[in-house]
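A short worksheet on the structure shown next.
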Amino acid sequence: MATTQATKIRKSFAATERGTVWRIIAIARNAFREAIRDRVLYNLVLFVLLLTGAAIFIGQLSAGQEKKIIVDLGLSAMLLFGVFIAIFVGVGLVFKEIERRTIYTIFAKPVSRGEFIVGKYIGLCLTLLVNVMVMGTGVSLALIYVNRGWHPLAISIWPAILLIYLELMVLTGVALLFSSFSSPALSALLTFFIFIIGHFSADLKGLATSMGSPGARWLFGGLYYLLPNLANLSYITPAAHGRLPNVPHLAAAVLYSLIYILVILSVTTLIFGRRNFK
Amino acid sequence: MTTVIEINNLTKDYDVGFWRKRKVRALDDLSLTVNRAEIFGFLGANGAGKTTTLKLLMRLIFPSAGTARILGRDIADISMHNRIGYLPENPYFYDYLTAREFLEFCSELFGQGPIERSKRAADLLSRVSLDERWWDIQVRKFSKGMLQRLGLAQALINDPEIVFLDEPMSGLDPVGRREVRDLIAGLRQEGKTIFMCSHILSDIEVLCDQVAILKRGRLAHVGNLDELRRQAGDRNRVEIVATGSNADTLRFHLPESDYYQLTSTASGLRIEVPDEKDIDEVIRALRRTGGQLVSVQPVRQSLEELFLCDRDPVIGP
């Protein structure tokens, strides 16, 4: 009996050491399931209706511009819907768990706070991925429908869709960070501000260089490096004109986003790891 | 006996107030040990610090001072959680999941494979007597008692060595309470250690080998029930029931009649004798008044009396 117990204990500890990935996957799958069952993906219905309407009516109203308008409208709607999900679901990811005390049963299991944060984050990113993939396919199909046949834009918009997805991943991280220490309303507001300011990063840099006072230069320079540069991830208008981002631009955007997400999740884990769940 | 839970000078202060922060002590210098395969009852009024202690042990909150070890490992060591189970007070689970899905999710957190997960979930749902019709229904439709059963099942998902239960009988009907009581007793039979907080003193009295009582965040008593009764000054009280006599007549024949507590009840005259050495005196008085003896039995001070007795906190052995 003692041997069985010892084997069991050894097995359980071995499971902990190699189980980080399993636990993160389990939490991510559960967060994805939550989003599905809470009908988050219902926004797709609205998107499809919007796109169908655009494909049928706008094309008739704007001679020769229909494909550009479909891409513009489709990708902008994709970004907007994604931002809403990233902000409103993102800020509730952790808060709901604390509020409903579901977190008590999770942390009584061998789950670290970092694993929990990363799992929740991946779960929402998966939801956004499904959202973006379905919407992207919808836009491609709408382009084929409007063109009455194959059109290169149906493929060339996908790098822009990848950049939109990266932007949503960054915003989800920001929402998660704020929700790890503040209320959902404040977190949503702050994330929305970051989304707006992030699109004007170049202006922040310009302000930093043009300011006379060293204090102001330091402030705007600091903000430029601290806040996510979302302008670099925005490629909707060029995509509507059939332009493709060059590979170094795309690679730099992917690398920048991944590093930014890594840093932001580390800070979130650090803050969340010190929280008392009263 | 092996010590499986060791708490040393555990203290928790909370900051209250917005502008002028001040500290409120929720738990004050708690030290105690729990041995393997015993049921340890943790008692205290609301706000006494029971749930705070459990949250500290589960690392949901962090101590202001002191340390604790479970199964020889510091509570900061997450791997230790592979070997424990925890049922929080008024548990609430992911309401979009079914009971079966929730248990399978919990099982997945312990790295169990799909077949093992499914089998374990079904076994435990049967064990906590949750009607099979409810296994595949979303938890949001569950009653409080059903949630409590599911909570017990998830606390046992990893076949833990120690189970921490915060108010395990809460929300259960008498039949459910009995079933949970039997379940807890069964866990001890399997060699598991149970650390349970409860307000239902009769359950603690029936189940627990050791009991600790917290008062205002401080440990007031700790020990087995006999030790606690001794600490509280319990004497060998005896209750005599007799018929054929009445309280006034008997009081006339008893020396120092105020010493005895006489009560007329439907089943006869109840005489509480503060010390068993005085039984003969009472029986002689009964015979003199023509009364017939029905029963003589010892009266143990109940845990409730001990729990309610208003005395300054005393640290037990």
Side-chain angles (χ1 to χ4, degrees), chain A residues 1-2 4-6 8-40 93 96-116 119-120 123 272-278, chain B residues 12 14-15 26 51-52 54-64 71 73 77-98 101-102 104-113 117 138-140 150-151 154-155 157-161 163-164 166 191:
Chain A
M1 173 145 179
T4 319
Q5 185 72 5
K8 201 170 129 190
I9 291 165
R10 265 200 306 277
K11 271 173 74 179
S12 75
F13 279 101
T16 298
E17 279 141 24
R18 68 166 186 271
T20 296
V21 178
W22 293 348
R23 286 189 290 274
I24 289 175
I25 291 172
I27 292 165
R29 269 187 352 135
N30 195 43
F32 180 69
R33 190 159 45 181
E34 179 180 6
I36 302 293
R37 294 198 180 167
D38 282 350
R39 301 176 176 91
V40 169
L93 272 183
K96 257 163 64 183
E97 296 257 2
I98 299 170
E99 187 77 354
R100 295 179 177 176
R101 287 177 286 136
T102 44
I103 213 160
Y104 290 7
T105 43
I106 299 300
F107 288 142
K109 316 248 176 308
V111 176
S112 73
R113 299 201 179 183
E115 288 167 359
F116 179 78
K120 288 297 240 182
F272 193 62
R274 289 159 188 264
R275 246 187 107 155
N276 280 303
F277 303 116
K278 290 176 198 169
Chain B
K12 178 64 186 173
Y14 286 115
D15 286 327
T51 299
T52 299
L54 279 184
K55 282 185 180 176
L56 284 165
L57 294 179
M58 293 301 117
R59 209 71 181 158
L60 292 168
I61 55 175
F62 302 105
S64 307
L71 293 161
R73 288 175 179 255
D77 182 349
I78 290 171
S79 65
M80 171 269 290
H81 288 247
N82 273 303
R83 300 160 66 190
I84 62 169
Y86 170 53
L87 167 71
E89 187 181 10
N90 299 323
Y92 191 92
F93 309 113
Y94 298 114
D95 58 8
Y96 52 88
L97 295 181
T98 66
E101 284 171 342
F102 178 66
E104 286 180 0
F105 166 64
C106 291
S107 171
E108 204 176 349
L109 295 175
F110 288 97
Q112 293 168 357
R117 288 205 289 265
Q138 285 186 332
V139 169
R140 62 174 57 129
L150 181 60
Q154 65 79 32
I157 196 79
N158 54 326
D159 191 17
E161 290 169 58
V163 190
F164 294 87
D166 199 350

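By convention in this document, chain letters (A, B, ...) are assigned in the order of the sequence lines, proteins followed by strands, and residues within each chain are numbered from 1.
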Per side-chain hydrogen bond (donor to acceptor under 3.5 Å, both in side chains), B:Y94 is matched among A:R100, A:R37, A:K96, A:E97 by A:E97
Leading residue by heavy atom contact count with chain A [cutoff under 4.5 Å; candidates B:L87, B:N90, B:L57, B:I157]: B:N90
Pair count under 4.5 Å, heavy atoms only, with chain A: among B:Q112, B:Q154, B:M58, highest is B:Q154
Can you tell which part of [X] gets under 4.5 Å to a heavy atom of chain A, answering side chain, backbone, both or neither?
X: B:F164; result: neither
X: B:D95; result: side chain
X: B:L71; result: neither
X: B:Q138; result: side chain
X: B:E104; result: neither

With a 4.5 angstrom heavy-atom cut-off, which part of A:I27 approaches chain B: side chain, backbone, both or neither? both
A:R29 versus chain B, heavy atoms under 4.5 Å apart: side chain, backbone, both or neither? side chain
Is it true that a side-chain atom of A:R113 and a backbone atom of A:R275 form a donor plus acceptor pair closer than 3.5 Å? yes
Using only atom types and a distance under 3.5 Å, with no angle test, would you say the side chain of A:N276 pairs donor to acceptor with the backbone of B:F62? yes
Can you confirm whether A:N30 sits close enough to B:L97 that some side-chain heavy atom of one is under 4.5 Å from a side-chain heavy atom of the other? yes
Do A:Y104 and B:D166 have side chains that approach each other closer than 4.5 Å (heavy atoms only, starting at C-beta)? no
Is there a salt bridge (charged side-chain N to carboxylate O under 4.0 Å, His left out) between A:E34 and A:K120? Walk through the geometry before answering. CA-CA 10 Å; A:E34 179 180 6; A:K120 288 297 240 182; 3.5 Å; yes
A:R274, CZ: over 12 other non-hydrogen atoms inside 6.0 angstrom: no
